[in-house]
Amino acid sequence: VQLQASGGGLVQAGGSLRLSCAASGRTFSMWTLGWFRQVPGKEREFVAASIWSGGPTYYADSVKGRFTISRDNAKNTVQLQMNSLKPEDTAVYYCAADPRSSYPNYRLYGYWGQGTLVTVSS
């Protein structure tokens with residue numbers, strides 16, 4: 001299983017970015033796909049998760065209403081649409097996958113992408 005995240009960059013506060021994670025190695029329709037973020041010196045933080053294709057989605061309170069997670073089973077990808085970005089959203093964003101419903105606990109995810117940096121300027 002391999003995950004490849006992309007789409008990070010520099011954006012002004014109030015702007016939008018769309019992160020994408022390409023998964024390969026198997027079919028992920030019944031897996032939990034999640035996004036986490038981390039800033040230096042802090043623990044990895046849950047952002048959003050899709051439990052299985054067509055199943056429930058969950059969001060951290062800090063991003064609810066601004067971020068949307070979606071998945072494309074045909075392409076084996078998961079996206080994170082981030083709107084109304086704030087400077088405090090600045091972090092390295094990671095996609096993760098696991099066959100269990102592991103959603104908020106990063107320690108339970110078995111597979112990780114390499115991370116993509118999102119910087120939001122004020």
Ring pair (Phe, Tyr, Trp, His ring centres under 6.0 Å) partners of residues 56-84, not counting sequence neighbours, each pair once: Y58-Y103
Non-hydrogen atoms of L17 and G7 that approach each other most closely: CD2-O, 3.9 Å
Distance-only donor-acceptor hits, side chain of residues 31-39, under 3.5 Å, sequence neighbours excluded:
unit_1, atom_1, unit_2, atom_2, d
T32, OG1, I51, O, 3.4
T32, OG1, R100, O, 2.7
R37, NE, E45, OE1, 2.8
R37, NH1, D89, OD1, 2.9
R37, NH1, Y93, OH, 2.9
R37, NH2, S62, OG, 3.4
Q38, OE1, R44, NE, 3.1
Q38, OE1, R44, NH2, 3.1
Q38, NE2, K42, O, 3.0

Distance-minimising heavy-atom pair for T116 and A5: CG2-CB, 4.3 Å
Atom pair CG (L117) and CG (L10), whose distance is rounded to the nearest 0.5 Å: 9.0 Å
Which atom of G113 lies closest to which atom of Y94, heavy atoms considered: O-CD2, 3.6 Å
Evaluation steps, side-chain contact (heavy atoms from CB on, under 4.5 Å), between R71 and I69: CA-CA 7 Å; R71 55 200 294 169; I69 188 171; over 6 Å; no
Check: S6/Q4 side-chain N/O donor and acceptor closer than 3.5 Å: no
Side-chain donor/acceptor of S53 to backbone N/O of S29, under 3.5 Å: no
Backbone N/O of Q79 and side chain of S20: donor-acceptor pair under 3.5 Å: no
Heavy-atom closest contact (S70 atom, R18 atom, distance): OG-NH2, 4.0 Å
Cluster companions of L108 among Ile, Leu, Val, Met, Phe, Trp, Tyr (side-chain spacing under 4.5 Å): none
Path from V63 to V11 over hydrophobic side-chain contacts below 4.5 Å: yes
Side-chain donor/acceptor of N76 to backbone N/O of R26, under 3.5 Å: yes
Exercise: identify the closest heavy-atom pair between M82 and V118: CE-CG2, 3.8 Å
ILVMFWY cluster, Y111 and V78 together (side-chain gap under 4.5 Å): yes
Residue pair S122 / P87: nearest heavy atoms and the distance that separates them: CB-CG, 3.8 Å
Under 3.5 Å donor-acceptor, D98 side chain and G110 backbone: yes
Atom CD of Q2 with >12 non-hydrogen neighbours under 6.0 angstrom: no
